[in-house]
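Structure record follows, encoded as structure tokens.
Note that these values count all heavy atoms, side chains included, but never hydrogens, waters or copies made by symmetry. Letters A, B, ... mirror the listed sequences (proteins, then strands); counts begin at 1. Here the structure is a predicted model, which is why all the values come from computation and not from measurement.
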2 protein chains.
Amino acid sequence: MSHERVGNRIREIRRRLGWTQAQLAERVGISRVSIVAIERGHFLPTIETSLRISRALGVSIEELFWLKEEKKEDD
Amino acid sequence: MSHERVGNRIREIRRRLGWTQAQLAERVGISRVSIVAIERGHFLPTIETSLRISRALGVSIEELFWLKEEKKEDD
DNA sequence: CAAAAATGTCAAGTATACTTGACAAACAAT
DNA sequence: ATTGTTTGTCAAGTATACTTGACATTTTTG
């Protein structure tokens, strides 16, 4: 069912850094369940959570999230 | 009471473009009441709404929103 | 000043972001 | 094969994003 409107690359970048979901959750300051849900597109984070994820992973929001209507067709 | 955690420059950039709240709302695809609330920091938009605002205004998310804990001290 | 346009606010409702706790399934070690 | 770690999922609750409609206030313009 995932979210059709916004794609993200959180998992890819998290794995590139060798972090677990639990580690990312702790650094971002939200629960691991929320990380799972966001990675898999079960719901869309707020701008605050997005900025914290972006900061934790060290990449820009634009590298992390995109509107599917107009960007890459993957995920 | 506004949101203390995230600052934004939506109003400034909207005005620079000479747009009304109603015009921005229409282009973004949300209600004018929500634009008011987001501009004034009454609540935080989702990443989807943020990306649409960013696209509508033609500026990056990072130019539009920032975590107050670590960026500029102005509202 | 008066009229019009833009902005702010309130209320009440709906949708969804996010939480904790618990457990199941997949994967990786020995 | 068993143990440990990581990931996925469910349920039930709380917080908050966003809506419409209506109206008050402020700003702009003639």
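- Looking at A:S34, its side chain never comes within 3.5 Å of a backbone N or O of A:I30 through a donor-acceptor pair.
- Looking at A:N8, its side chain does come within 3.5 Å of a backbone N or O of A:I38 through a donor-acceptor pair.
- Residues A:L44 and A:R5 have side chains in contact (heavy-atom distance under 4.5 Å, counting atoms from C-beta outward).
- Contacts of B:R52 classified as salt bridge (charged side-chain N to carboxylate O under 4.0 Å, His left out), with partners at least two apart in sequence or in another chain: A:E69, B:E48.
- Rounded to the nearest 0.5 Å, atoms CD (A:E63) and CD1 (A:I13) are 6.5 Å apart.
- Taken residue by residue, residues 44-54 of chain B places no heavy atom nearer than 4.0 Å to DNA chain C.
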- Message: With side chain to side chain contact (heavy atoms under 4.5 Å, CB included) as the criterion, how do B:K68 and B:V6 come out once you've worked through the C-alpha distance, each side chain's angles and the decisive distance to 0.1 Å?
- Response: CA-CA 5 Å; B:K68 282 191 177 171; B:V6 177; 5.9 Å; no

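- Within the structure, the salt bridge (charged side-chain N to carboxylate O under 4.0 Å, His left out) test picks out no pair touching residues 17-35 of chain B (sequence neighbours left out).
- Atom P of nucleotide C:dA11 and atom NE2 of B:H42 are separated by 14 Å, given to the nearest angstrom.
- Taking CD from B:E12 and CD1 from B:I10, the interatomic distance works out to 11.0 Å, rounded to the nearest 0.5 Å.
- Counting to the nearest Å, the C1' atom of D:dG8 and the CD1 atom of A:I10 are 16 Å from each other.
- For the pair A:E39 CD and D:dT7 P, the computed distance is 8 Å after rounding to whole Å.
- Rounded to an integer number of Å, the gap from A:L24 CG to C:dC18 P is 13 Å.
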- Once base and sugar-phosphate atoms are separated, protein heavy atoms under 4.0 Å mark nucleotides 19-30 of chain D, 5' to 3', with B, S and - as BBB---------

For nucleotides 3-5 of chain D, print each protein N/O atom paired with a nucleotide N/O atom at under 3.5 Å, atom names and distance only.
none

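- With sequence neighbours excluded, the residues forming a side-chain contact (heavy atoms from CB on, under 4.5 Å) with A:R11 are A:R14, A:R15, A:Q21, A:E39, A:R40, listed by chain and number.
- Between the CD atom of B:Q21 and the P atom of C:dT7 there is a distance of 5 Å, rounded to whole Å.
- Dashed line: the shortest gap from a side-chain N or O of A:R11 to OP1 or OP2 of D:dG8 is under 4.0 Å.
- Between A:R15 atom CZ and C:dA26 atom C1' there is a gap of 11 Å when expressed in whole angstrom units.
- Distance CZ (B:R5) to P (C:dA17): 16 Å, rounded to an integer number of Å.
- Judged purely by atom type and a 3.5 angstrom limit, B:S54 uses its side chain to pair as donor or acceptor with the backbone of B:V59.
- Here CZ of B:F65 is found 8.5 Å from CD1 of B:I47. Values are rounded to the nearest 0.5 Å.
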